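Scroll down for the structure; my scribbles are underneath it.
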2 protein chains.
Amino acid sequence: MGRHREFDVDTALDAVTCVFWRKGYEGASYSDLTEATGVERPALYSAFGNKEAMFGKALARYYDRYLDYIPEALALATSRDVAAHILKHAVDLNTRFTEHRGCFLINGMLAGPDTAEPIRQMLIDARADGERQIRERFERAKAEGDLPESADPATLAMFLMTVLHGIAVQAKAGFAREALAAVAAQALLSWPTAPTRTS
Amino acid sequence: MGRHREFDVDTALDAVTCVFWRKGYEGASYSDLTEATGVERPALYSAFGNKEAMFGKALARYYDRYLDYIPEALALATSRDVAAHILKHAVDLNTRFTEHRGCFLINGMLAGPDTAEPIRQMLIDARADGERQIRERFERAKAEGDLPESADPATLAMFLMTVLHGIAVQAKAGFAREALAAVAAQALLSWPTAPTRTS
DNA sequence: ATGTTACTATAACGATCGGTATGTTATTTG
DNA sequence: CAAATAACATACCGATCGTTATAGTAACAT
């Protein structure tokens with residue numbers, strides 16, 4: 001009995017999920033959430049609990065709606081197929097929506113309020129500068145014959161940065177050094193070498 | 001002329017850098033900064049400008065103090081040496097300090113106030129669960145002979161997660177899909193295969 | 001010694017944060 | 001038609017945020 005809800009909880013949760021995806025947990029304010037959902041604050045509390053609980057529900061929604069490629073991948077025939085399937089769909093998902101790029105899980109910690117945008121740009125620029133230095137070094141390596149003609153210095157530099165970022169995230173999550181060293185070794189296994197090197 | 005500073009700006013900047021490293025930009029409050037430096041708020045403003053400028057100086061300090069292995073690496077003979085040197089030192093740096101694990105750049109965006117710790121744990125757990133599923137799948141692959149005996153399912157799963165996290169960070173930074181797809185392809189190049197597969 | 005300068009320390013500023021008390025309105029139950 | 005129930009909207013709560021005004025103090029120049 002009592003009055004009926006005037007909004008659809010599922011639709012609101014979708015909007016909430018998008019906001020958290022774009023701005024992260026800390027960066028999403030209730031002003032953002034009420035604006036995105038069109039639902040007043042107390043109604044959000046009554047429907048989802050506090051902010052932490054709401055984030056949990058958004059996380060579950062993200063898994064349901066966007067991470068269905070994971071079980072798909074796990075059912076494939078070979079481990080390489082599994083890895084390839086996950087990577088392909090992750091790249092696609094992370095670049096599909098211009099308004100919320102990246103992964104919900106990572107952005108949950110990584111993103112922030114719009115006022116912090118200059119800071120993010122500062123860090124992105126610093127990162128890009130490091131990548132540029134490495135790329136230029138690899139271009140030289142290619143010119144010197146250290147890297148084969150088939151190698152792409154830009155991709156190699158980007159790949160190295162990717163692994164570095166991933167390692168940083170996992171270090172923050174508490175991974176042991178030996179584990180991360182094994183990851184680094186794995187990353188180096190694919191490193192291209194010049195065909196003969198005798199010239 | 002006028003009164004002298006009663007604190008050492010360089011020492012204070014070191015403390016500031018550690019706070020930003022541990023808590024990120026948004027997560028570091030002036031209360032944290034005054035406590036870590038032992039310097040009152042207006043003195044920090046007079047010495048470093050506002051919070052954004054202070055973060056910029058801390059970033060520069062991080063480069064000077066902790067990223068000296070980058071120019072070292074760039075001077076090495078081969079591209080593989082460059083990559084190996086960077087990876088080795090990055091792993092070491094990211095796991096050296098228990099009070100601020102990970103990379104300053106990534107943590108600058110990724111970390112947050114202590115009150116958000118339950119959220120980070122929620123995301124870390126979700127991430128760990130995904131990794132577990134993949135690892136178990138790879139263990140099966142090894143049992144089935146899809147992966148060679150020399151392969152380590154745990155390392156492979158962790159490596160895959162590392163690349164996924166790195167891709168997520170770079171997608172957030174605005175990388176194009178084609179670029180990230182090339183990175184994913186590079187990651188797959190090192191995938192181990194069973195020796196003969198004919199059994 | 002005196003005035004000027006630049007620091008220190010306290011305390012306050014407005015804004016925004018997550019969270020709620022409160023009164024109103026709509027719906028169901030008796 | 002009441003009485004009860006639950007969602008609605010407004011407005012507010014205390015706390016914390018980054019920032020700064022203000023008053024006191026130490027070191028210089030004259």
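Every value quoted in this text rests on a predicted model; they were computed, and no experiment measured them. Proteins get letters first, then strands, A, B, ... in listed order; numbering begins at 1 in each. Atoms considered below: every heavy atom in the structure, side chains included; atoms not considered: hydrogens, waters and symmetry mates.
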query = Just by distance, do the side chain of B:Asp32 and the backbone of B:Ser29 share a donor-acceptor pair under 3.5 Å?
reply = yes
May I ask you to evaluate whether [X] reaches the phosphate of [N], defined as a side-chain N or O under 4.0 Å from OP1 or OP2?
{"X": "A:Tyr45", "N": "C:dG19", "answer": "yes"}
{"X": "A:Asn50", "N": "C:dG18", "answer": "no"}
{"X": "A:Tyr30", "N": "C:dG19", "answer": "yes"}

request  = Verify side chain to side chain donor-acceptor pair (under 3.5 Å) between B:Arg5 and B:Ser46, making sure each step is shown before the conclusion.
outcome  = CA-CA 10 Å; B:Arg5 273 223 172 80; B:Ser46 120; 3.3 Å; yes
task = Using distance alone, with no hydrogens and no angle criterion, decide if B:Ser79 and A:Trp191 have a side-chain donor and acceptor under 3.5 Å apart.
result = yes
Send over the distance from [X] [atom1] to [N] [atom2], rounded to a whole Å.
{"X": "B:Asp114", "N": "C:dC17", "atom1": "CG", "atom2": "P", "result": "20 Å"}
{"X": "B:Tyr25", "N": "D:dG18", "atom1": "OH", "atom2": "P", "result": "8 Å"}
{"X": "A:Glu26", "N": "C:dC17", "atom1": "CD", "atom2": "P", "result": "11 Å"}
{"X": "B:Glu40", "N": "D:dT25", "atom1": "CD", "atom2": "P", "result": "16 Å"}
{"X": "A:Leu44", "N": "C:dC17", "atom1": "CG", "atom2": "P", "result": "14 Å"}

task = With rounding to the nearest 0.5 Å, note down the distance linking OH in A:Tyr69 to CG in A:Leu87.
result = 9.0 Å
request  = Classify the nucleic acid contact of A:Ala28 as base, sugar-phosphate or nothing, counting any heavy atom under 4.0 Å across all strands shown.
outcome  = sugar-phosphate
Just compare [options] and give me whichever is closest to any side-chain atom of [X].
{"X": "A:Arg41", "options": "D:dG18, C:dG19, D:dC17", "result": "C:dG19"}
{"X": "B:His4", "options": "D:dA27, C:dG19, C:dC7", "result": "D:dA27"}
{"X": "A:Pro42", "options": "C:dG19, D:dG18, C:dA21", "result": "C:dA21"}

Distance-only donor-acceptor test (3.5 Å): side chain A:Arg3, base C:dT25 = yes
key: 5' priority, DNA chain C, between A:Asp32 and A:Glu6 [closest heavy atom]   = A:Asp32
